[in-house]
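Below: one structure, written as structure tokens.
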Amino acid sequence: MCGIVGYAGAGGQSAEGALLRGLERLGRLGEPVGAEGPARSAGVVVSADGGLGAAWGGPGGPGGPSPAVERLREELERRPLPAGMCGIGGLGGVPGLDGAGRVAVVLAGAVDAGALAGAREELWGRSGAQGAVAGVTRGPAADAEVVARLVAEAFSSCGELVEAVRQVRGVLAGGFAALVVHADEPDTVVGAAAGVPLVVGAVDGAVRLASDAGAWEDGAVESVVVKGDQVVSVRREFDEVRWEITDGWGVVVAP
């Protein structure tokens, strides 16, 4: 996936609209992080009470590919997502979901192939399958889905999304940034990065995350870069959104 955005708002602010605007701006910035060609797909996941809603748009028809976000908008007009104030989105790929559809991940950059292959093999082994976990295939397109399944497994043990992401981040390598949501924590967005920028900033009662600060129209707002061994957690609590960055041991380092 080329570029990613995340959003948590309060006071009735729509995550879907904010994510679409962020993806549009990423597209206008030129080739996003990790791009090997034009971004031909885009997707968003909105977290709402009761579950996750996901949608994505791909290339256009014979007349030439439509802009990815335009195709995504068309898909959302046909099939609106549930209203939610937290969500994530990606340009240049589609979100990855775990088998139960409870965890969603968007990636920018690339996870190290060796580390991911090892994780995929472990998933296969735990599933008892000889060839592959149902729904998980080999290749880059499945990377976000593998990460989503790893987060789901970690969450089932620790019961907290930020800790689950921290554990998974510890076994992955490469140059990537990731944003994660879980249906069991509908008011939370968690991010991690390694060698690829991931910025977080607050404005107008909302907290925004992106692989490029230019994804937001008010990009001049002061933002903080998440470093390689850190995890950022954004939580919406009633009419207030709070964020914090912790290190690999869970110690708060910002704000």
Side-chain angles (χ1 to χ4, degrees), residues 1-9 15 18-19 21-23 25-27 29-35 39 42-45 47 86-93 95-96 103-112 115-116 143-144 147-148 150-151 161-182 188-203 206-216 218-235 241-248 250-255:
M1 194 169 289
C2 301
I4 57 177
V5 294
Y7 179 86
L19 293 170
R21 291 191 296 274
L23 293 177
R25 288 185 63 85
L26 274 182
L29 288 173
E31 293 304 317
V33 173
V44 294
V45 179
S47 181
C86 294
I88 56 177
L91 182 66
V103 180
V105 173
V106 290
L107 293 173
V111 180
D112 178 76
L116 205 61
D143 290 0
V147 175
L150 291 173
V151 171
L161 184 57
V162 65
E163 179 58 27
V165 172
R166 193 184 341 272
Q167 291 178 16
V168 172
R169 166 66 189 86
V171 301
L172 298 178
F176 68 92
L179 292 173
V180 186
V181 289
H182 195 305
T188 302
V189 178
V190 176
V196 168
L198 181 62
V199 297
V200 55
V203 61
V207 174
R208 303 165 178 180
L209 307 102
S211 52
D212 191 311
W216 307 114
D218 40 16
V221 173
E222 183 177 355
S223 58
V224 178
V225 178
V226 181
K227 297 180 180 179
D229 65 341
Q230 298 174 343
V231 174
V232 57
S233 175
V234 181
R235 289 188 174 90
V241 182
R242 300 177 180 272
W243 66 272
E244 68 177 20
I245 297 176
T246 52
D247 64 14
V251 177
V252 177
V253 296

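Quick note: residue numbers are just sequence positions, from 1. Everything quoted here is computed from the prediction, not taken from an experiment.
Considering every non-hydrogen atom in both Gly96 and Ala148, the closest pair reads O-CB, 3.6 Å. When all heavy atoms of Val189 and Val181 are compared, the pair lying nearest together is CG2-CG1, 3.9 Å. Val168 and Val147 get closest at one heavy-atom pair: CG1-CG1, 4.4 Å. Looking at every heavy atom in both residues, Ser233 comes nearest to Val162 through CB-CG2, 3.9 Å. Taking both residues in full, the closest heavy atoms of Ala8 and Val234 are given as CB-CG1, 3.6 Å, listed atom of the first, atom of the second, then distance. Considering every non-hydrogen atom in both Trp243 and Ala202, the closest pair reads NE1-CB, 4.2 Å.
A side chain to side chain contact (heavy atoms under 4.5 Å, CB included) with Val180 is found for exactly one of Val45, Leu107, Val165, namely Val165.
Taken to the nearest 0.5 Å, the CZ atom of Arg169 stands 13.5 Å off from the CG atom of Leu150. Between the CG atom in Leu179 and the CG atom in Leu19 there is a gap of 9.5 Å [rounded to 0.5 Å]. Taking CZ of Arg166 as the start and CG of Asp229 as the end, the distance is 10.0 Å to the nearest 0.5 Å. Summarising the geometry, atom CG belonging to Leu26 is positioned 13.5 Å from atom CZ belonging to Arg21; distances are rounded to the nearest 0.5 Å.
Looking at Arg208, its side chain never comes within 3.5 Å of a backbone N or O of Val200 through a donor-acceptor pair. Using modelled atom types, no side-chain atom of Gln167 and backbone atom of Ala164 make a donor-acceptor pair closer than 3.5 Å.
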